[in-house]
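Just the heavy atoms: all of them, side chains too, but no hydrogens, waters or symmetry mates, feed the values below.
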Amino acid sequence: DYSIAPIPVADGIWMIAGVDAPILPDNGGAIANIAIIATTAGTVLVDSGPSLRYGRALKRAAEALTGKPVVRVYVTHLHADHGMGIAAFDPGIVAALPGTIAAMQRDGQGFSDAMYRILGDWMRGTELVRPGIAITGEREDFGGRALRLIALSGHSGADLALLDEQTGLLMGGDLVFHNRAPSTPTADLAHWRESLTRLKNLPHKAVLPGHGPFDPSGRNALTQTRDWIDWLESA
């Protein structure tokens with residue numbers, strides 16, 4: 001079973017920390033950070049983990065924590081450690097950027113096959129599901145709690161970042177890594193730099209990265225990620 005242990009990081013927002021390791025049978029692929037957001041309209045999730053089993057465990061834990069059903073699941077980008085858990089949810093409540101949906105259509109089966117090869121029984125019953133909502137707006141309101149939806153790219157062809165207007169918490173997806181080397185299998189470093197600049201200039205207070213520990217400073221994770229990209233390109 002997956003261990004789902006939400007940690008409060010802002011008012012009404014919890015982080016489930018991914019394991020600081022590659023995708024391995026020992027961890028079931030649960031290496032990505034997940035956010036749970038409580039709203040009066042229901043529970044919002046940012047990313048869903050690597051498998052049907054994880055998605056189901058996440059749904060149970062989130063709804064027990066907030067006392068409300070999950071009404072929205074955002075997928076920040078196409079990589080399987082963040083998005084294959086949507087198999088546990090109605091596609092009609094799952095939202096992603098149009099570029100992410102197209103990339104999942106194109107490359108999702110390959111990612112799914114790789115996850116099954118690496119993780120075996122952890123993936124049992126997990127089918128490739130595409131989000132039912134293509135994000136075209138820049139903001140979504142859940143009973144008075146508004147999230148800014150920021151369409152970017154660089155880590156992949158389409159990367160979604162979210163800013164909780166109530167607390168100033170920035171959820172950067174895999175555009176932001178903290179105390180961990182960013183992964184670059186689908187990266188465009190020039191676009192990634194541009195995205196990091198946009199995120200840095202947003203009026204935010206803290207950062208929940210896609211991988212690595214929570215950054216209460218709101219600066220360190222962004223700076224580390226930019227420094228790594230610069231080093232990688234020069235090296």
Side-chain angles (χ1 to χ4, degrees), residues 9-10 13 15 18 31-35 37 44-48 72-83 95-104 106-108 111 131 133-140 146-165 167-235:
V9 292
I13 303 180
M15 167 183 167
I31 67 170
N33 294 335
I34 310 292
I37 305 172
V44 176
L45 302 176
V46 180
D47 286 326
S48 61
R72 178 72 74 247
V73 183
Y74 292 107
V75 180
T76 58
H77 62 292
L78 82 156
H79 293 151
D81 55 322
H82 292 260
L97 294 171
T100 296
I101 297 173
M104 293 174 75
R106 183 187 66 237
D107 300 327
F111 279 111
I133 300 172
I135 297 171
T136 56
E138 297 181 352
R139 190 174 182 271
E140 190 165 10
L147 298 173
R148 286 184 61 183
L149 309 177
I150 307 155
L152 301 166
S153 67
H155 175 72
S156 70
D159 294 291
L160 176 68
L162 300 97
L163 179 66
D164 176 54
E165 293 183 353
T167 63
L169 178 63
L170 175 62
M171 292 157 276
D174 275 10
L175 287 167
V176 187
F177 285 64
H178 192 204
N179 293 350
R180 178 170 173 165
S183 60
T184 57
T186 55
D188 181 312
L189 300 186
H191 287 167
W192 201 335
R193 274 194 204 89
E194 293 171 3
S195 293
L196 289 169
T197 297
R198 283 191 60 189
L199 293 179
K200 181 180 178 181
N201 291 334
L202 285 173
H204 69 278
K205 294 182 179 179
V207 173
L208 196 162
H211 296 268
F214 179 70
D215 178 13
S217 76
R219 301 181 304 275
N220 293 341
L222 292 168
T223 300
Q224 282 185 5
T225 306
R226 176 63 179 261
D227 287 349
W228 175 268
I229 290 170
D230 291 342
W231 172 84
L232 182 64
E233 190 164 59
S234 66

- Task: Just jot down the salt bridge (charged side-chain N to carboxylate O under 4.0 Å, His left out) partners of Arg72, sequence neighbours excluded, or say none.
- Result: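 For Arg72, the residues satisfying salt bridge (charged side-chain N to carboxylate O under 4.0 Å, His left out) (neighbours in sequence not counted) are Glu140.
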- State which residues pass salt bridge (charged side-chain N to carboxylate O under 4.0 Å, His left out) with Asp164; sequence neighbours excluded, sorted by chain then number.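 Listed in chain order: Arg145.
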- Without hydrogens or angle criteria, can the side chains of His77 and Asp174 be said to hold a donor-acceptor pair below 3.5 Å?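 The answer is yes; a qualifying pair exists.
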- Are Thr76 and Asp47 linked by a side-chain donor-acceptor pair shorter than 3.5 Å?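 Note: Thr76 and Asp47 side chains meet the donor-acceptor criterion.
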With sequence neighbours excluded, residues passing side-chain contact (heavy atoms from CB on, under 4.5 Å) with [X]:
X: Ala134; result: Pro98, Ile101
X: Arg139; result: Asp141, Ala146, Glu165
X: Ala151; result: Leu97
X: Ser195; result: Leu152, Leu175

Atom of [X], atom of [Y] and distance for their closest heavy-atom approach:
X: Leu78; Y: Thr100; value: N-CG2, 3.9 Å
X: Phe214; Y: Val207; value: CD1-O, 3.4 Å
X: Val176; Y: Ala221; value: CG1-CB, 3.5 Å

- Side-chain donor or acceptor of Ser153 paired with backbone N/O of Ser156 under 3.5 Å: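 Side chain of Ser153 to backbone of Ser156: no pair is present.
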- Query: Is it true that a side-chain atom of Asp159 and a backbone atom of Gly154 form a donor plus acceptor pair closer than 3.5 Å?
  - Reply: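 Answer holds: yes.
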- Item | Qualifying salt bridge (Lys or Arg N to Asp or Glu O under 4.0 Å) pairs with a residue from residues 190-201, counting only residues at least two apart or across chains |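 Output for this query lists Arg193-Asp230, Arg193-Glu233.
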- Message: Considering only residues two or more places apart or on different chains, which pairs with a residue in residues 178-191 satisfy salt bridge (Lys or Arg N to Asp or Glu O under 4.0 Å)?
- Response: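 Qualifying pairs: Asp20-Arg180.
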May I ask you to test the [X]-[Y] pair for a side-chain heavy-atom distance under 4.5 Å?
X: Leu162; Y: Ile150; result: no
X: Met15; Y: Pro213; result: no
X: Leu222; Y: Asp215; result: no
X: Asn33; Y: Pro209; result: yes

- Message: Please determine whether side-chain contact (heavy atoms from CB on, under 4.5 Å) holds for the pair Leu160 and Ile135, giving the CA-CA distance in whole Å, both sets of side-chain angles, and the decisive distance to 0.1 Å.
- Response: CA-CA 9 Å; Leu160 176 68; Ile135 297 171; 3.7 Å; yes
- Task: Just jot down the side-chain hydrogen bond (donor to acceptor under 3.5 Å, both in side chains) partners of Thr225, sequence neighbours excluded, or say none.
- Result: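 Not a single residue meets the side-chain hydrogen bond (donor to acceptor under 3.5 Å, both in side chains) criterion with Thr225.
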- Query: In chain order, what residues pass the side-chain hydrogen bond (donor to acceptor under 3.5 Å, both in side chains) check against Asn179, with sequence neighbours excluded?
  - Reply: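 So Asn179 forms a side-chain hydrogen bond (donor to acceptor under 3.5 Å, both in side chains) with Gln224.
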Between [atom1] on residue [X] and [atom2] on residue [Y], distance to nearest 0.5 Å:
X: Tyr74; Y: Leu147; atom1: OH; atom2: CG; result: 5.0 Å
X: Trp228; Y: Leu189; atom1: CH2; atom2: CG; result: 11.5 Å
X: His178; Y: Leu208; atom1: NE2; atom2: CG; result: 11.5 Å
X: Trp192; Y: Arg226; atom1: CH2; atom2: CZ; result: 12.0 Å

- Message: Please list all pairs meeting ring-ring contact (aromatic ring centres under 6.0 Å, His included) that have one or both residues in residues 193-212, counting only residues at least two apart or in different chains.
- Response: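 ring-ring contact (aromatic ring centres under 6.0 Å, His included) check on residues 193-212 returns His82-His211, Phe177-His211.
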- Query: For Phe111, what residues pass the ring-ring contact (aromatic ring centres under 6.0 Å, His included) criterion, not counting sequence neighbours?
  - Reply: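 Per chain and number, Phe111 pairs via ring-ring contact (aromatic ring centres under 6.0 Å, His included) with His79.
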- Leu199/Leu202 under side-chain contact (heavy atoms from CB on, under 4.5 Å): CA gap, chis, key distance, verdict: CA-CA 5 Å; Leu199 293 179; Leu202 285 173; 3.9 Å; yes
